[in-house]
Amino acid sequence: MPELPEVETVVRDLRPRLRGRRLAHVRQTSRHTLRTRWLPSWNAVVAGQRIDGVTRRGKWILVTLANGAFLVFHLGMTGQLTVVPVATPLAEHTHLIFDLDDGTQQLRFRDIRRFGSVRFYPNQQALEDFFAAAHLGPEPFDVPAQYWRDCLHGSRRCLKAVLLDQRVVAGVGNIYADESLFEARLHPARRACDLEKTEADRLRRAVAKVLRRAIARRGASIRNYVGGSGLRGKYQNEFRVYGRTGAPCPRCGTAVESLRLAGRSTHFCPMCQKHQTTDHTDKSKKQFGSKKLLRLRS
DNA sequence: ATAGGCGCCTGCTGGC
DNA sequence: TGCCAGCAGGCGCCTA
């Protein structure tokens, strides 16, 4: 999917194009439906409403309406939310068309694989309840240091799995998990609870740094992603490990390796991202140690 | 608690 | 050339 940098780019593109304008009319165009489909009853509440803001929370796009309601979009793997002139040919897999007030432009939601969704919340409280129920973690740019250390220290999962968990931190996906771990020089299969304090801090800063840089490049376009104006991102040209299996590590020249972790393809440099920081050759002994520690703690 | 597998979808690539 | 398995930026659900 669009991960945080791509979603942020969409939001920044859409904001000036949508803020202050009215949603005149909404219609579903595709005979297929989205995972969370547009309900007819939402039309009455949304039609005629002015858009007060377009913001982001994790990978969710929030459109605030003047009546206090929210439209919430998730782009899934292939979602595109763009503002285009009405004359623009309708691309295949376009599911929703929002006519804007002056009749010259439309907000369109297109999603090839239909993993994306659209939701409606009548007020702020309903929206907050939704995020609370999802246990959505903090934004990566303001993760409290102690919270982060606690999250890692309390988890026996591998770092890759922890980074992908939206409850720990919101917005990181497969690409930026790999790129962040490379930036922090940490092996993706390391157990979270095995990290030293300095390593945990390094990872927290690495995630923010990588995401900021990706946002500055308008995110990464591998296949389907485009921003809110239809422009592609540029960060794919700066991937250091993601999708670069066999290619030389930009730091040391060693061939980038890949493996499967948390069900996802994972890329790393075996030289820059050593699994062990200290010389533990006996893995089983180390695992036992962590297990024992966990038992003592609980 | 956590890993692993599946399902949801369509489209593209690489191997045969 | 054609077919088919495998894979893809997400996520929720289930089982062991």
Among B/dG11, B/dC9, C/dG10, find the nucleotide with the atom closest to the side chain of A/Lys59. C/dG10

Between B/dG5 and C/dG6, how many Å separate the two P atoms, rounded to a whole number? 14 Å

In whole Å, what is the span from the CZ atom of A/Phe130 to the P atom of C/dC11? 10 Å

If we take the P atom in both C/dA5 and B/dC6, what is their distance in whole Å? 15 Å

Can you check the distance between C/dG10 and B/dA1, where both ends of the measurement are the C1' atom (answer in whole Å)? 22 Å

Using purine N1 to pyrimidine N3 plus N6-O4 or O6-N4 for Watson-Crick, or N1-O2 and O6-N3 for G-U wobble, both under 3.5 Å, which nucleotide pairs with B/dC9? none

Touch check for A/Tyr242, heavy atoms < 4.0 angstrom, all strands: base, sugar-phosphate only, or nothing? sugar-phosphate

Nearest-nucleotide check on DNA chain C, A/Leu164 vs A/Gly263; residue mapping nearer the 5' end is A/Gly263

Hey, does the side chain of A/His93 come within less than 4.0 Å of B/dC9's phosphate (OP1/OP2), counting only N and O? no

Among the nucleotides B/dT2, B/dT10, C/dG10, which one has an atom lying closest to any side-chain atom of A/Glu3? C/dG10

note: A/Gln80, atom CD; B/dT10, atom C1'; distance rounded to Å ~ 13 Å

Nearest whole Å is fine: how far is B/dC9 P from A/Arg37 CZ? 11 Å

Under-4.0 Å side-chain N/O to phosphate OP1/OP2 contact, A/Ser155 with B/dT2: yes

Expressed as a whole number of angstroms, how long is the span from A/Gln166:CD to C/dG12:C1'? 13 Å

Decide if the gap between the ring center of A/Phe120 and the ring center of A/Phe70 is smaller than 6.0 angstrom. no

Can you say whether the rings of A/His93 and A/His95 are parallel (under 30°), tilted (30 to 60°) or perpendicular (over 60°)? tilted

Roughly, in whole Å, what's the span from CZ in A/Arg260 to C1' in B/dC6? 13 Å

So, under a plain 3.5 Å distance rule, would you say the side chain of A/Arg157 forms a donor-acceptor pair with the base of B/dA3? no

A/Leu34 CG - C/dG12 P separation (whole Å): 16 Å

Can you check salt bridge (charged side-chain N to carboxylate O under 4.0 Å, His left out) on A/Glu139 and A/Arg57, steps first, answer last? CA-CA 7 Å; A/Glu139 290 293 312; A/Arg57 177 74 176 90; 2.9 Å; yes

Taking the ring centre of each residue, are A/Phe130 and A/Trp60 less than 6.0 Å apart? yes

A/Phe98/A/Trp38 aromatic ring centres below 6.0 Å: yes

Mind checking if A/Ala220 touches a base, just sugar-phosphate, or nothing, with heavy atoms under 4.0 Å? base

hbond_proxy A/Arg114 side chain to B/dC8 base (donor-acceptor, 3.5 Å cutoff): no

Just wondering, do A/Phe115 and B/dC8 stack (centres under 5.5 Å, planes under 30°)? yes

Tell me: CG of A/Asp165 to C1' of B/dT2, nearest whole Å? 11 Å

Taking the nucleotide of DNA chain B with the nearest heavy atom to each, does A/Arg35 or A/Glu92 sit closer to the 5' end? A/Arg35

Tell me yes or no: between the side chains of A/Arg21 and A/Gln105, is some donor less than 3.5 Å from an acceptor? yes

C/dC7 and B/dG4, which share atom name P, separated by this distance in whole Å: 16 Å

I want to check one thing: is the phosphate of C/dC11, taken as OP1 and OP2, less than 4.0 Å away from some side-chain N or O of A/His74? yes

Between atom CD1 in A/Ile222 and atom P in B/dC12, what is the gap in whole Å? 15 Å

Any A/Ser265 side-chain N or O less than 4.0 Å from OP1/OP2 of C/dA8: yes

